[in-house]
Amino acid sequence: MRRNCGTLILLLLCLYLAGCGNRTELNELGITTATGYDGHQGHWTITYQVIVPSAMSSGSGSGGGGGGGSQGAVHTFSTQGTTIREAVAASSLEHPRKLYFAHTNIIVIGKEAAEAGIAEILDNYYRNPDARETVKVFTVEGQAKDYLKKLVPPEKLPGKALSNIMKQNQQLASFFPAVSIHELALHISSESGAAGVPELSVSGPDGAKLESVAVYQQTSPAGKLRISRLSIFNKDKMVGTLSKQQSLGLSWLNDQVQFTTISSDADSGLSAFQVRKAKVKVTPVKGPLHYTLAVKANVKAQLVESTSSEHISATPDWEKLLAQVESVIEAQIREGWASIQQTKLDLAGIGNKIHRKYPRDWNTLKDTWPEELAAMDIDIQVKVDLTRPGLFQDSFSRLLGED
Amino acid sequence: MFMRWLKKVMKSPQKGKRNKEKVNPSAQQSSGQAIHPSLSHTRTVLQRQMGDSPDFIIRNFRDQSGSDLYAVCYIEGLIDASLLTELIGVLIQVVTSPPADMAGEHTALSFFQSILPSGNTAIIQTQNEIYPAILSGSAVILTEGIPAGVEVSITGGERRAVGEPTSQTVIRGPKEGFTEEIATNMALIRRKIRSPDLRFVTHTIGKITQTKVIVVYIEQIANAEAVKEVNKRLRAIKTDSILESGYIEEFIQDAPLSVFPTMLNTERPDTVAGSLLDGQFAVLVDGTPFALVAPVTFFNFFQTPEDYYQRYDISTFLRIVRLISFMVSLLLPSIFIALTTFQQEMIPTTLLVTLAAQREGSPFPALMEALLMELTFEVIREAGVRMPRAIGPAISIVGALVIGQAAVEAGLVSGAMVIVVSFTAISNFVIPYVDMAISVRLLRFILMFLAGTLGLFGIMAGTIPILAHLLSLQSFGADYFMPYSPFYKSNMKDLLIRVPWWAMKTRPKVKSGDKITRQTPHQYPEGANNIISRVQDTDPSDQ
């Protein structure tokens, strides 16, 4: 009996040996909402934007309304090291909490790091279980550490806010693709080997003011963080940037447009259309000399605004509007295509499609692929289904003109 | 291993006791003496045996010459006063105008039996039979010169009236509960089931207490094997006292060391009646309003009698709510501990930040915090039960509020933990049967330790053995998880969902006996159709 009791106690103690050591209380965690990468292989500067939980709850507490702006909800600091993880380990020299990356919303890659190559960052994300591959990726014009210091008023957590901005853009405008670590890795490791990543910049003259909590007391801060361009990557290195319009064209070609608004300018007046559903089919067709890209876009849209003098409720004029939208979309796609041919980077994943469709040809093709891409023709067919004119028929301008 | 040791410890002395006690009652019986013909002799023997107890009364009836004729003995508090008066009246009549032939022993006794005011009479031959008779509330009439007596049952005395059950209340349904008096309880069941097939099997258990224990079942509807088994187990009990049905439950249940109850106890006659009609049996014990019901399954503990009186849809919903509450009450604190100390990545970011903000400056680890709060709650709860009724609820509410709020404001525990603990406690009260609620309370602490040391893995390592244990249990031949494992499709209609009564064609399998059919099938109410047909059939007077 005594032996049994002894064994029981030993077993209970084993429980503590096995588990209690790696227990982490919530107040021992430094929850990182955004991580920044600067530098290059052999010399990394990692920046962490750590949530300060006590500052977060001040809004709901009874401590008084004025106290909200006194403490920032995030704390940002940087560490250096020869490798990324060494830099993370160095954080223990200056930060009292264990850095916790499972809730990171975004990673920001500085220009230098992006141009030097991001393979090491990706490896770090895939190798470690505490880092999620669903994190959204951004690049920045200058140094990532400068951007992580900036706040995104009126939101409290900049990291979270930026990832929400990305989500909003994808759902409401589709200008830039929301790219996660995993998607980025898939794109750059595929046959086409190219990917686009949204780039952050500071708009307005006074970016430094965003680094202070005082910015929350301003109704309209002079500067703001915003997504401005698309950085393009060839393999793991950043090679250039594209404008918002070029990026939208790429979104069409990649069938990433979910919801966007298009303005068409005709002699009869301006009109705005809201795309509610778009399906773009891109197929490479083998020709005698080169491949031709057949693009078929099926778009469902509705009229949301018009100053047109056309008689909207009449079928012939309605057809005219349709033709306008179709030409605008075609022009956008063409702009995206032009940027692909210019940079000779397969940002629409056409190489993958050829590889899948004509695997034997691809073997001979892939060595000269950039040149082949530049020589390709495109055949665009846009079919717009304009479903609703809205609650109003002819435009208000036309109504006034009639009187 | 620990369980095996516990079993060994608990079994070995029991065996010895049983053997010893088997000898005793037989020895006692053999010493039964015939009643002495001399009344005065019997009187002194009785007085001595009862230790000159003040409530033991012997009334003598003498003729004019002063010689003894009859004596009536009884215990004052156990008999009904008006019946006694009637009995004495009869005896006085016999004394003043003695009937013609009272010569022979047999004629005298049968004469008494015919003129007495109670129908429940018996003839007593031995001295030892007198004691159980008077102790169970009968009067015994002894006659000078005859070596036998007549036992007349005039049971009565102070007892509690049938009232509303306090531990299992309903909004809709009968408001009567069992009392401490077994005869009343039998009558309460009889009034609900007016069938000659209703059976009562009496056992007298307890060498000193001589407690009446009655097994109730309905012939053919009850599972005959289970009834045979319970009678066998009841006969095997050799103890000196039974004061409550809990004694019986511990002696006869299938899994005596399990934290889960394998017999259900209820205070409500309608629950017992419903169980009997489902093919279960009940055990009534004299002196307690709580009856035992078996065979039961795990899911019986989540069904209230009200489920059958309310509409089927809300009953179904409430049953699911109760099962969820069971899970919450068992797992919520441990899941909270595991997630906040090990698997933080599973909490949504915003919630995590809120929780982290509350934990800023908390002095204790989450496990300690949870244990402290749970223990505090258990203390308040126990105090609430033990305290005098007038101040009990007030103190417990104030205690909970003050300790909960003050602890949060003083920064000793986080607000989220108070919410978790109090929600767990409230969920625990949703389980309709206290027995099941208690077992959850105990297991919760084990799971909290496992969660605090091993995280979610610990919770899995705790729940899998619990589930395996539940699946291994049996209650009088019925598997504890029965309609699911083993699977019986026809039992499903009264489990998580309760189908309307007209669709409940059969009784639950395994639990019940041969007569499985409950009612005629296809009794879908025609009311709605009638209205439609009335509208469609045009009334000739309209035209």
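It should be emphasised that the depicted structure is a prediction, and the values quoted were computed from it without experimental measurement.
Each of V52(A), T33(A), I51(A), L26(A) was evaluated against V353(B); a single residue qualifies, I51(A), per the side-chain contact (heavy atoms from CB on, under 4.5 Å) test.
In this structure, E360(B) contributes its side chain and P53(A) its backbone to no donor-acceptor pair below 3.5 Å. Of the possible donor and acceptor atoms, none in the side chain of E25(A) sits under 3.5 Å from a partner among the backbone N and O of T340(B). Looking at H103(A), its side chain never comes within 3.5 Å of a backbone N or O of L352(B) through a donor-acceptor pair.
Rounded to the nearest 0.5 angstrom, I31(A) CD1 and E345(B) CD are separated by 11.5 Å. To the nearest 0.5 Å, atom CD of residue Q344(B) and atom OG1 of residue T24(A) are 5.5 Å apart.
Applying the 6.0 Å contact sphere to CZ of F481(B) captures more than 12 heavy atoms from other residues, nucleotides or ligands. Annotation for Q218(A): atom CD counts as buried by contact number, over 12 foreign heavy atoms lying within 6.0 Å. The environment of CZ in F457(B) is sparse: at most 12 heavy-atom neighbours from other residues, nucleotides or ligands sit within 6.0 Å.
Interface remark: F101(A) contributes no atoms to any contact with chain B (heavy atom separation under 4.5 Å).
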